[in-house]
Amino acid sequence: MTRAWFRFYAELNVFVAPPYRQRPFEHACARDASVKHMIEVFGVPHTEVALILVNGEPVDFSYRLCHQDCVSVYPGFLHLGDDAPMPILLQPAGPPAFVADAHMGRLARDLRMLGFDALYRNDFSDDEIVRLAVEENRIVLTRDRDLLMRKPIVRGAYLYSTDSDTQLLEIMRRYRLAEKAKPLSRCLDCNGVLETVSRKEVAQQVPPRSAILHEDFRRCEACGHVYWEGSHVTRMRRRIDTLLTVTCMAIPAN
């Protein structure tokens, strides 16, 4: 039987049992156990790990533990800074695509508001979420850590807060979305892409007064829903400006 020392940092302590939080501890490991296996034994989803140091040197999830190894496990690559020695999970190339579980409807809608591809249905099963994550290279958004521990899932994000606005800020900061946002370019209802259309094309789909007062209209290519620059859009744009400003602020050190 191998024994190794472990220390989890910052928000990863949410997952581990109280006696193991915020301190180094020794624990028995199966012979030739991988560091990934042991991290998840303690309840930490692999998707939340950004950096693993063993005896001060960076390793990946496949590392096999040796007797009396000292393992340090860090979260959120964004918090570690761009010069971290070896992030486990790299930023996705280009705008990321998401799939949200059944409890993340508000978050999915807010991500669509910012122009991000965010799939959501309130009847998604865990198996369906895993399939979409694998087949379409999507990031899983959830508060279900067991779902994030599914082996096929490569990228995912555990939402630490239960407040929808705070959840959105978590995701925006984690994946640096402010610099990739294309606000009001997706349908809030179905996630489809919006196309610019003329007033004449949508005259029968909008209230007569709106058809007279407004000139700029967009229609969802998927479901046909029509959007225009009403007062609700003005309020939405103010919220978007606030979100982008707050997201760009410096993140406090852990």
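Since the structure is predicted, the reported quantities are computational estimates derived from the model, not experimental observations. We're numbering straight along the sequence, starting at 1.
A salt bridge is absent between R174 and E170: the closest approach of a Lys/Arg side-chain nitrogen to an acidic carboxylate oxygen does not fall below 4.0 angstrom. One finds a salt bridge joining R150 and D127 here, because a Lys/Arg side-chain nitrogen approaches an Asp/Glu carboxylate oxygen to under 4.0 Å. Ion pairing between E221 and R186 fails under the 4.0 Å rule for side-chain N and carboxylate O.
In this structure, a donor-acceptor pair under 3.5 Å is present between the side chains of S62 and D60. Side chains of S164 and Q167: a donor-acceptor N/O pair is absent below 3.5 angstrom, by distance only.
Here the straight-line distance linking atom CG of L148 with atom CZ of R143 works out to 11.5 Å at 0.5 Å rounding.
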Does the ring-ring contact (aromatic ring centres under 6.0 Å, His included) test come out yes or no for F116 and Y175, once each step is laid out? CA-CA 12 Å; F116 296 101; Y175 295 106; 9.8 Å; no
With salt bridge (charged side-chain N to carboxylate O under 4.0 Å, His left out) as the criterion, how do R199 and D216 come out once you've worked through the C-alpha distance, each side chain's angles and the decisive distance to 0.1 Å? CA-CA 7 Å; R199 176 191 293 169; D216 298 324; over 6 Å; no
R218 and E195: salt bridge (charged side-chain N to carboxylate O under 4.0 Å, His left out), yes or no, with the steps? CA-CA 5 Å; R218 292 184 178 185; E195 61 176 348; over 6 Å; no
side-chain contact (heavy atoms from CB on, under 4.5 Å), that's the test. Do R219 and E201 meet it? Break it down for me. CA-CA 10 Å; R219 182 170 58 196; E201 290 178 90; 3.7 Å; yes
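Under the ring-ring contact (aromatic ring centres under 6.0 Å, His included) criterion, no residue pair touches residues 185-204, with sequence neighbours excluded.
Ring geometry for F8 against F25 counts as parallel: the plane angle stays under 30°, on a 0 to 90° scale with 60° as the upper cut.
Aromatic pair F6/Y20: centroids not less than 6.0 angstrom apart. The aromatic ring centres of H37 and F61 sit 6.0 Å or more apart.
More than 12 heavy atoms of other shown residues, nucleotides or ligands fall within 6.0 angstrom of atom CG in D189. Counting heavy atoms of neighbouring residues, nucleotides and ligands inside a 6.0 Å radius, atom NE2 of H103 does not exceed 12 of them. Residue-environment remark: CD (E26) exceeds the threshold of 12 foreign heavy atoms within 6.0 Å.
Panel note: side chain D241, backbone R238; no donor-acceptor pair is recorded below 3.5 Å.
Of all non-hydrogen atoms in C187 and C223, the two that sit nearest each other are SG-SG, 3.7 Å.
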